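Please read the structure below before turning to the comments.
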Amino acid sequence: MNVLDLARPELLRLQPYSSARMEASGGNVWLNANELPWSQSATAARDLNRYPEPQPAALLEALAAQYAVSTTQLFVGRGSDEAIDLLTRGFCAAGASNVVISPPTFGMYAVAARIQGAAVREVPLLANDRYRIDSAGILAAVSAQTRLVHVCSPNNPTGDIVDAETLLKLADALRGRALLVVDEAYGEFSEEESASQLIDHHPHVVVLRTLSKAHGLAGARIGVALATAPVIQLMRNIMAPYPLPSPCIDAATAAMQPEALKRTSERVALLRNEREWLRRAIAGLTGVTEVLPSQANFLAVRFVDAEGSYARLASAGVIVRSLRKYTGLEDALRITIGTHEENLAVLSALDQSSRAA
Ligand SMILES: *Cc1c(COP(=O)(O)O)cnc(C)c1O
C-alpha cells in the first residue's frame, strides 16, 4: 500500500499554488512578484521588501543535517503546530475520518482534528502504569476511517517517553492502516533515540520536531516534520504560500550553526541536571503526592491541594500550568524547569505552602 492512499484523494489531484518565488531563480532584476524595489526602512536590519523562500534551501539543509534525514524528507513550517494542522487537513476528510490520541496529552491534536471535522478517539494513558501508552487499546481503537495516530514522546504534560520497542511495534502494526505521528517536541531533553530512524522503512511514520523548546526559539515559530518524501510533498502542496517570515528563517538558520548548537546542548545538559535536582527536592515536600518521571524540561507534580499550591506559587510571582482540565491529572501542576534561581523560587514557595498546610 502507498501511504498516500490514506490522504484525501482530491488533494492528490490538486494543482498547488505556485508562487513567483517558486517559479523563478537566479537573475538580479526581480520584477516577478510585485514587490517594492526599496526596503521599507533604511535602518532595518534586513531588507523585508522581498518575499521569503517558501522552503528556504539553506535552512532545509541545516535542519536535515541536524535531524539526519534528506531535505526531501523534511518540511519546515510555523511551529510543529502547523505540521499537525497540515497532516490533519491532508489526511482527514471532514465528517468521515478520525484520529486517535492518548490523553492526557498535547491539546492541538484534538483541536486540529475538530477544526477539520474529524472525530477524535481517545485511548487514555495507563494511569496505574506510570502513564504509559495503551498500545493494545490504540490498535483496538483504529478503524478503517482512522488517518492519524498521535503519540507524544516525551509526552506533554506527563513528561515520560514511549520506549523505542513500543514505538516500533506500534509502527509495524499501523503499517498501511494509519499514519503514526510521533511528536518529539521535547526530544532533546530525553535519552531516547529519535523515531526519525524509522521513516526509511516505515513510510507511514511522521516525526515532529521544533526549535521552540530546547533551541530557545519559541518566538520564531519554527517547527519541522520528518517523513517519507511523498508525505512531505503533500504538506508542501497544501501549505500557506510563504509560511516563514524572513527574520524567523534567519534566526533558525543561526541556531543551526555549530557554535549555537554547542550552546544549546550545554543548556540542555544544565536543564536536565536542574530537572533531577528539582524532582528530588519537590518529592520531599509535604503536600506533594507524586512527581511523575520526566524526560522533558518540565515536571508534572501532584499535590494534596493543587489549587492552593498554585495560588501560593502565583503569590510569589511564579506562574506554572494547572493541569485541572486534564482528566486523571486534575490534582497536578506542570512546572517548567527554569534557571537555578527560578527553580529555587518554586521550592521556596512550595516549602512555605507545605509548612502552612
Ligand atoms: C510545545 C509543543 C508543540 C508546539 O511546538 P511549536 O513548534 O512551537 O508549534 C508541539 N508538541 C508538543 C507536545 C509541545 O509541547
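Just so it is clear, the structure is predicted and the values come from calculations on it, not from any experiment. First listed ligand is number 1; within each ligand, the first listed atom is number 1. We use all heavy atoms of the structure for the numbers below, so side chains are in, but hydrogens, waters and symmetry mates are not.
Using a 4.0 Å cut-off between charged nitrogen and carboxylate oxygen, Glu266 and Arg263 do not count as a salt-bridge pair. Using a 4.0 Å cut-off between charged nitrogen and carboxylate oxygen, Arg272 and Glu276 do not count as a salt-bridge pair. Between Asp81 and Arg221 there is a salt bridge, with a side-chain nitrogen of the basic residue lying less than 4.0 Å from a carboxylate oxygen of the acidic one.
The shortest side-chain heavy-atom distance between Arg177 and His204 does not fall under the 4.5 Å cut-off.
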Please tabulate, one line per pair, the protein N or O atoms found under 3.5 Å from any N or O atom of ligand 1, giving the distance to one decimal.
{"unit_1": "ligand 1", "atom_1": "5 (O)", "unit_2": "Ser80", "atom_2": "OG", "d": "3.1"}
{"unit_1": "ligand 1", "atom_1": "7 (O)", "unit_2": "Ser80", "atom_2": "N", "d": "2.6"}
{"unit_1": "ligand 1", "atom_1": "7 (O)", "unit_2": "Ser80", "atom_2": "OG", "d": "2.9"}
{"unit_1": "ligand 1", "atom_1": "7 (O)", "unit_2": "Thr210", "atom_2": "OG1", "d": "2.5"}
{"unit_1": "ligand 1", "atom_1": "7 (O)", "unit_2": "Ser212", "atom_2": "OG", "d": "3.4"}
{"unit_1": "ligand 1", "atom_1": "8 (O)", "unit_2": "Ser212", "atom_2": "OG", "d": "2.6"}
{"unit_1": "ligand 1", "atom_1": "8 (O)", "unit_2": "Arg221", "atom_2": "NH1", "d": "2.6"}
{"unit_1": "ligand 1", "atom_1": "9 (O)", "unit_2": "Ser80", "atom_2": "N", "d": "3.1"}
{"unit_1": "ligand 1", "atom_1": "9 (O)", "unit_2": "Asp81", "atom_2": "N", "d": "3.0"}
{"unit_1": "ligand 1", "atom_1": "9 (O)", "unit_2": "Asp81", "atom_2": "OD2", "d": "2.8"}
{"unit_1": "ligand 1", "atom_1": "9 (O)", "unit_2": "Arg221", "atom_2": "NH2", "d": "2.9"}
{"unit_1": "ligand 1", "atom_1": "11 (N)", "unit_2": "Asp183", "atom_2": "OD1", "d": "3.4"}
{"unit_1": "ligand 1", "atom_1": "11 (N)", "unit_2": "Asp183", "atom_2": "OD2", "d": "2.6"}
{"unit_1": "ligand 1", "atom_1": "15 (O)", "unit_2": "Asn156", "atom_2": "ND2", "d": "2.8"}
{"unit_1": "ligand 1", "atom_1": "15 (O)", "unit_2": "Tyr186", "atom_2": "OH", "d": "2.7"}
{"unit_1": "ligand 1", "atom_1": "15 (O)", "unit_2": "Lys213", "atom_2": "NZ", "d": "3.1"}

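Side-chain rings of Tyr186 and Phe298 approach one another, their centers coming within less than 6.0 Å.
Side-chain N or O atoms of Asp134 include none that pairs as donor or acceptor with a backbone N or O of Val123 at under 3.5 Å.
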